[in-house]
Asker: 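Handing you this structure, nothing more for now.
All figures in this text were calculated on a predicted structure; none of them were measured in a lab. Chain letters run A, B, ... following the sequence lines, proteins first and then strands; every chain starts at 1.
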Amino acid sequence: MARRTEPPDGGWGWVVVLSAFFQSALVFGVLRSFGVFFVEFVAAFEEQAARVSWIASIGIAVQQFGSPVGSALSTKFGPRPVVMTGGILAALGMLLASFATSLTHLYLSIGLLSGSGWALTFAPTLACLSCYFSRRRSLATGLALTGVGLSSFTFAPFFQWLLSHYAWRGSLLLVSALSLHLVACGALLRPPSLAEDPAVGGPRAQLTSLLHHGPFLRYTVALTLINTGYFIPYLHLVSHLQDLDWDPLPAAFLLSVAAISDLVGRVVSGWLGDAVPGPVTRLLMLWTTLTGVSLALFPVAQAPTALVALAVAYGFTSGALAPLAFSVLPELIGTRRIYCGLGLLQMIESIGGLLGPPLSGYLRDVTGNYTASFVVAGAFLLSGSGILLTLPHFFCFSTTTSRPQDLVTEALDTKVPLPKEGLEED
Amino acid sequence: MRALPGLLEARARTSRLLLLQCLLAAARPSSADGSAPDSPFTSPPLREEIMANNFSLESHNISLTGSTLYTQYRFTIINSKQMGSYSCFFREEKEQRGTFNFKVPELHGKNKPLISYVGDSTVLTCKCQNCFPLNWTWYSSNGSVKVPVGVQMNKYVINGTYANETKLKITQLLEEDGGSYWCRALFQLGESEEHIELVVLSYLVPLKPFLVIVAEVILLVATILLCEKYTQKKKKHSDEGKEFEQIEQLKSDDSNGIENNVPRHRKNESLGQ
């Protein structure tokens with residue numbers, strides 16, 4: 001009995017990491033390479049950029065908004081049936097989209113149906129991963145998330161190749177078949193043999209305590225602003241390059257170059273976040289500011305070399321901020337409320353992901369090119385990074401803040417009053 | 001001696017007076033010796049000629065200013081027969097020439113085939129830069145015969161928002177609608193045409209790889225689940241043998257009593273992280 005309540009930290013856990021790797025590739029890689037389809041939809045439906053952008057933004061928003069639902073269902077039924085259902089929904093959405101005759105059809109099939117499918121796959125998988133790992137959880141999560149970077153690199157040119165042979169209808173059909181592999185990944189999620197889920201206070205109590213937590217609310221606002229600008233290049237870069245008279249295939253390759261540097265940025269940032277002492281918030285602010293600046297510089301660049309350099313810079317900095325955005329949260333609210341906090345954070349920041357791309361598309365329709373869109377996206381990122389300045393311990397340079405996570409959990413468990421320097425109060 | 005040729009693509013609209021000028025400049029020798037250089041050109045026994053499409057025109061107005069020799073030809077473009085290349089030749093020891101090319105604007109279509117599906121509608125576009133054609137026509141060809149796209153049921157010629165583009169919209173595509181299409185622009189001074197390839201696929205084309213991949217996924221899922229059932233059966237057999245050992249261990253744990261509760265409590269708490 002004593003051995004079973006500890007997570008194995010290995011064994012079948014590595015198979016779960018592999019499954020999570022492929023799932024993050026199939027969910028986020030597809031979402032990010034959707035910029036290639038965007039150009040085709042604008043031409044095929046003769047619609048404006050703003051209206052076509054809603055497809056991807058509805059998909060992103062539903063995926064983020066539905067994450068808490070996915071985690072809740074998986075705690076009840078186990079991750080396997082939930083993820084397999086999610087895979088079927090995602091594939092079904094793409095399949096129905098291949099028969100689309102109007103833009104609304106695409107909103108519902110890709111946005112709503114595939115989006116909810118994606119919501120049911122990703123969150124339960126991460127939860128399952130946490131059940132299998134405790135000491136090496138961040139390594140396992142990091143390895144799983146590299147799937148996003150690698151798939152963005154390969155999917156963009158691959159989708160372009162599909163489009164040149166099968167047009168958008170056939171390509172959506174084949175992407176649906178690709179997404180069906182999520183079901184196979186779900187089959188690998190063997191429920192761990194843990195006795196019970198450690199209950200950490202009722203969810204409603206946690207929720208109300210989070211909503212009164214000032215730093216958490218400010219962090220949510222900051223991430224919402226960042227989310228608004230974050231997805232815009234992945235959706236509109238290909239279209240912007242075609243406005244500059246690039247051919248579709250080199251444009252798709254630029255997207256994959258950005259994806260490679262995104263991957264490198266994630267790994268480097270994860271390593272840097274552990275190596276550099278002090279709150280991770282500072283590094284997050286650095287990367288967010290640099291991302292905003294590189295976004296705002298996109299319209300200025302005309303020469304191919306400048307565009308490639310900016311794509312690399314954007315990819316690196318935006319990849320760098322992704323793992324840090326996740327690891328700032330335990331520093332702010334403690335690991336006991338992490339699941340509730342993560343779900344709430346994803347729900348609220350999905351508003352940014354929902355509104356960002358259509359706003360960018362609307363600006364493009366009004367002004368005729370993407371200058372205003374990219375500059376506004378950069379502005380959103382910079383304002384989000386500005387709010388990060390207001391988080392606690394940002395300007396604190398004492399050495400006691402090096403491991404705030406441990407300090408917080410120790411205080412809550414042993415109930416010994418610690419000096420206020422390394423703590424935030426509940 | 002160097003010739004400064006002019007290479008010009010003139011976009012003639014209505015009848016227009018044109019002046020073609022060829023200049024031949026001599027490289028000035030350095031005046032290190034202080035003496036003023038003589039004009040390198042001798043007076044006009046130089047032979048100069050203007051040709052159009054290999055037909056010789058009269059030579060006009062050869063004159064010399066300083067060390068530049070220039071000749072010009074003035075004419076009016078009225079009809080398409082005057083399109084082509086005009087060259088001026090200076091013949092001394094070496095022949096120097098400059099060429100003017102006149103042609104109607106080129107059209108731009110798509111260099112890759114347009115792919116669409118049965119039952120869909122598609123739009124073929126042809127455009128040219130800075131041009132004002134009098135007329136646009138569309139042709140479709142099966143093999144070598146070009147047939148104008150006329151009053152067929154599903155094909156509509158839409159002239160674009162600007163005069164320099166034209167669109168052919170085809171609705172309710174059938175497989176026979178696929179093939180080569182030509183758009184032709186008629187100018188006062190000639191015609192220009194461009195080729196666009198349309199490929200019409202039926203749904204069966206992507207459906208086959210789709211079904212293959214779905215079958216592969218089903219196979220994969222079945223393999224994974226069957227493998228798991230097999231290993232679970234194995235575990236059950238080996239677990240039955242271990243039951244006696246576990247019961248004995250539990251008995252020894254119970255006899256220890258309260259002392260073991262504290263370490264267990266702490267382990268659960270560490271799980272809460």
Asker: Give the minimum heavy-atom separation between A:Leu174 and B:Pro209, together with the two atoms involved.
Answerer: CD2-CB, 3.8 Å
Asker: Tell me the closest heavy-atom pair linking A:Ala184 and B:Leu220, and the distance in Å.
Answerer: CB-CD2, 3.7 Å
Asker: More than 12 foreign heavy atoms under 6.0 Å from CD of B:Glu216: is that the case here?
Answerer: yes
Asker: Would you mind checking which part of A:Leu162 comes under 4.5 Å of any heavy atom in chain B, side chain (CB onward), backbone (N, CA, C, O), both or neither?
Answerer: neither
Asker: Among A:Gly170, A:Ala44, A:Ser176, which has the most heavy-atom pairs under 4.5 Å with chain B?
Answerer: A:Gly170
Asker: Please report the closest heavy-atom contact between A:Ala187 and B:Val221, naming both atoms and the distance.
Answerer: CB-CG1, 4.3 Å
Asker: What's the spacing between B:Phe210 CZ and A:Ser98 OG if we round to 0.5 Å?
Answerer: 8.0 Å
Asker: With heavy-atom distances below 4.5 Å as the criterion, would you say the side chains of B:Ile213 and A:Leu178 are in contact?
Answerer: no
Asker: Just give me the residue among B:Val123, B:Asp120, B:Val199, B:Leu114 that pairs up with chain A most often, heavy atom to heavy atom, under 4.5 Å.
Answerer: B:Asp120
Asker: May I ask you to test the B:Ile115-A:Tyr166 pair for a side-chain heavy-atom distance under 4.5 Å?
Answerer: no
Asker: Working to the nearest 0.5 Å, report the span between CD of B:Glu228 and CZ of A:Arg80.
Answerer: 4.0 Å
Asker: Just so I know, are the side chains of A:Arg190 and B:Gln232 near enough to count as touching, which here means a heavy-atom distance under 4.5 Å?
Answerer: no
Asker: What closest approach, in Å, do A:Leu180 and B:Val217 show between heavy atoms, and which atom pair accounts for it?
Answerer: O-CG1, 3.6 Å
Asker: Any side-chain heavy atom of A:Asp247 sitting closer than 4.5 Å to one from B:Lys112?
Answerer: no
Asker: Do B:Val205 and A:His165 make a side-chain contact, defined as non-hydrogen atoms from C-beta onward lying under 4.5 Å apart?
Answerer: no
Asker: With a cut-off of 6.0 Å (strictly less than), are more than 12 heavy atoms of other residues, nucleotides or ligands near CZ of A:Phe21?
Answerer: yes
